[in-house]
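Read through the structure below, which is laid out as structure tokens, and then see the notes.
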Amino acid sequence: MNQAPAHEAVPVGDPRTAPHVSGLALRRRSDTVLACAAMAIVVLLLGLFEFLQLDLRQRDGLRTQAALVGRTAAAALLFEDATEARTLLNAFEAAPAVSSAQLLNAGGRALAQFRRAVPPSWLERYGGHIATEIDVLGTDGQVVGRLQVQAWRAPTWRALGTVLTAAVVIMALALGAVALASRRQRAQLRAADARTRYLAHHDVLTGLANRESFASALAQAAGSGAPAVLMCVDVDDFKLVNDSRGHAAGDAVLRTVAQRLQSLVRTQDVVGRLGGDEFALLLRAPVDGPTTEAMAQRIVEQLPRRIEFEGSSLKVGVSMGLVRLPDDATTAEGAMACADTAMYQAKRAGKGVWSRYTAALGEAQRERLALVQALRGALAREEFELAYQPVFDAEGRLMSLEGLARWHSASRGQVPPMQFVPVLEEAGLVADLGLVLLKRLRMDLDAWAEQGLRCPPVALNLSSQQCRLESQRERFLQQLCTLGLTPDEVEFELTESTVFEDFDSPGSIVRALQSGGYRLAIDDFGTGYSSLAYLLRLRCAKLKIDRVFVDGVARRDDAALLVETMVRVAHAMGMHVVAEGVEKEEDLFKLQALGCDLYQGFLLAHPLPTQRVAALLRDGGNVSPPQPAFSAPRLTRTA
């Protein structure tokens with residue numbers, strides 16, 4: 001079932017675009033009217049100015065013509081020669097604009113007149129007239145008569161029309177050139193406007209509804225009270241893809257997941273990207289239990305397990321949590337919180353699965369949040385302590401201690417590490433715990449030293465989450481320096497393979513510790529991501545064999561073979577081998593026969609509080625070594 005992107009770009013002509021298109025049309029029409037009005041005003045002002053100039057020029061020309069005729073008319077006036085006067089006035093025949101003229105003697109009587117015989121044109125008839133009158137002077141300077149001349153204003157209007165036509169044509173051409181030049185700009189503006197409207201509702205990378213748009217759809221669904229289902233989807237191990245293959249590969253994964261999600265939902269459903277590797281689906285009515293579960297199962301199963309990128313294959317999976325509206329939540333915020341809770345439950349269940357929100361799950365989440373708050377307070381008050389589990393050699397001599405975090409809460413009592421450590425890791429508080437434990441170790445070492453007791457090196461776990469960021473690495477190394485913890489006092493066990501990812505980089509915490517002389521151990525070797533390549537590159541001082549190989553090694557030939565191989569490889573590289581989780585004497589004897597160097601487990605000693613460690617150190621720190629014979633005495637345990 002294919003689905004177009006939620007809040008897709010609306011095509012022109014769609015009724016939904018009518019207000020926007022109408023607004024653009026009105027703005028364009030308004031701009032055109034303003035431009036035309038401005039041009040009309042310019043033309044009118046130009047016409048008025050040009051009319052005044054042309055009218056003045058025609059009047060000056062008419063006066064000049066009249067003056068020329070008047071200079072030669074004095075004799076005709078003095079001698080009352082009407083024939084000569086008419087001849088003089090006929091000179092105006094050469095001036096098309098002159099419509100009539102008359103020569104008056106000194107008494108005001110008309111001596112001669114000129115009137116153009118050709119009928120006037122329409123423009124001459126209705127265009128108006130101009131007139132001028134000059135005095136005709138005799139030789140002695142006395143006025144002997146008067147010349148009156150009248151002309152049509154048609155030449156002025158014709159000239160004005162020519163000027164205005166030219167002006168209008170020039171302006172029209174200019175406006176046309178501007179319109180042509182701005183067409184591309186207008187197209188770009190329209191595209192930018194459409195892009196802005198698109199981005200207001202869509203995620204740039206995937207084309208899905210963005211957080212705001214999806215939240216609006218979810219709020220509408222929650223407010224309607226109709227049945228709906230919210231699914232929160234998170235890409236598993238997405239950070240690993242980004243870190244190992246780069247952001248281009250991560251973007252390819254997100255785009256592929258988005259396309260696949262769209263193809264798996266119905267047309268009425270909404271798919272959105274909330275940010276990072278988090279997606280959300282809103283299943284609108286009709287929805288029921290079987291439909292929802294089938295959809296959830298289809299999503300976790302049919303999303304691409306592999307994505308091809310630049311010739312290689314990337315593994316992809318998702319974890320998902322779902323919540324029903326209005327059964328489990330009645331608001332958009334509540335639905336998102338519940339779906340997140342269910343999604344994280346799916347993550348904890350092993351990833352690649354989906355989980356539905358329940359009241360019990362919500363209660364567990366609230367308890368988890370309360371535990372996080374309590375842990376924050378405990379870290380601020382430095383309530384954490386260390387219990388120390390001894391590590392012995394084959395002769396029962398105490399060679400080192402492993403410091404294990406313990407928390408005794410005033411309100412919760414003794415909280416097992418398996419309860420609070422995962423919560424600290426999920427909340428990103430492991431780095432703070434590491435700093436507190438370094439300080440606690442310094443205090444314990446000083447307390448034993450005051451009693452005159454010499455303690456062997458104490459091993460502390462070093463998690464990748466403690467030193468993932470540069471600021472965390474700097475704080476950790478600064479704490480070591482401030483507390484004065486030397487390589488003779490503390491060593492570190494690398495508990496996760498991901499801590500090895502940066503050990504070739506200049507800021508590697510592994511290289512920094514090794515350059516400072518601190519011994520490192522690979523913990524839980526043989527499980528997870530551990531590999532022989534790490535042994536070659538890290539060159540640690542110790543290798544700790546995971547308890548899964550140690551437990552029952554005396555009766556399991558396959559486990560014995562693997563342990564023997566690990567021992568030989570480690571010894572060939574100059575590393576001591578520590579068997580952890582030793583709980584049976586027969587396993588201890590077998591491990592000794594296989595060549596293990598050091599032993600740790602409940603058979604030898606449980607984790608001890610500081611007071612018991614002091615007693616152990618005061619007694620010499622040794623245990624009676626067991627003998628692998630029928631008459632061998634039982635091993636004396638320290639517990």
Side-chain angles (χ1 to χ4, degrees), residues 36-175:
C36 292
M39 187 174 69
I41 292 173
V42 170
V43 170
L44 287 175
L45 292 176
L46 177 63
L48 178 61
F49 176 78
E50 191 65 23
F51 174 80
L52 294 176
Q53 294 294 318
L54 291 172
D55 184 72
L56 179 62
R57 191 179 306 161
Q58 187 180 8
R59 289 179 184 277
D60 289 344
L62 184 62
R63 184 176 295 277
T64 299
Q65 290 176 336
L68 290 174
V69 174
R71 289 194 191 102
T72 61
L77 288 171
L78 287 173
F79 296 106
E80 295 287 331
D81 189 348
T83 302
E84 179 66 18
R86 282 194 295 273
T87 301
L88 292 174
L89 293 180
N90 286 338
F92 287 111
E93 188 72 33
V98 177
S99 60
S100 64
Q102 63 178 353
L103 195 59
L104 305 177
N105 61 15
R109 182 178 60 86
L111 180 63
Q113 292 183 345
F114 166 79
R115 190 173 299 279
R116 193 171 295 279
V118 178
S121 65
W122 177 88
L123 183 60
E124 291 170 336
R125 185 181 301 113
Y126 297 103
H129 294 81
I130 58 174
T132 186
E133 183 177 340
I134 63 171
D135 293 332
V136 180
L137 303 177
T139 56
D140 58 356
Q142 297 295 320
V143 176
V144 296
R146 189 176 301 277
L147 176 60
Q148 297 177 341
V149 183
Q150 191 175 48
W152 289 304
R153 200 177 253 122
T156 297
W157 292 119
R158 291 192 187 97
L160 180 62
T162 301
V163 171
L164 293 181
T165 300
V168 170
V169 170
I170 292 173
M171 289 185 180
L173 291 175
L175 288 175

Are side-chain heavy atoms of [X] and [Y] found at a separation under 4.5 Å?
X	Y	answer
Val136	Leu103	yes
Leu123	Arg158	yes
Glu50	Leu164	no

ring-ring contact (aromatic ring centres under 6.0 Å, His included) involving Tyr126 - partner list, sequence neighbours excluded:
Trp122
Tell me every residue that passes ring-ring contact (aromatic ring centres under 6.0 Å, His included) with Phe114, counting only those two or more places apart in sequence or in another chain.
none
When rounded to the nearest 0.5 angstrom, what is the spacing between [atom1] in [X] and [atom2] in [Y]?
X	Y	atom1	atom2	result
Leu68	Arg63	CG	CZ	13.0 Å
Thr132	Leu147	OG1	CG	8.5 Å
Arg57	Leu62	CZ	CG	15.0 Å
Leu88	Thr83	CG	OG1	11.0 Å
Trp157	Thr162	CH2	OG1	13.0 Å

Do [X] side-chain atoms and [Y] backbone N/O form a donor-acceptor pair below 3.5 Å?
X	Y	answer
Arg153	Asp55	no
Gln113	Ser100	no
Ser99	Gln150	yes
Arg125	Pro120	yes
Glu124	Ser121	yes

Can you name the side-chain contact (heavy atoms from CB on, under 4.5 Å) partners of Val143, sequence neighbours left out?
Asp135, Leu137
Over all atoms of both residues, closest heavy-atom pair of [X] and [Y]:
X	Y	result
Ala76	Ala85	CB-N, 4.0 Å
Gln102	Leu89	CA-CD1, 4.1 Å
Ile134	Gly70	CD1-CA, 4.2 Å
Gly47	Leu160	O-CD1, 3.4 Å
Ala167	Leu46	CB-CD2, 3.5 Å

Test side chain to side chain contact (heavy atoms under 4.5 Å, CB included) on Val149 and Gln65; report intermediate values, then the result.
CA-CA 9 Å; Val149 183; Gln65 290 176 336; over 6 Å; no
Near Arg115 CZ, under 6.0 Å, is it more than 12 heavy atoms from other residues, nucleotides or ligands?
no
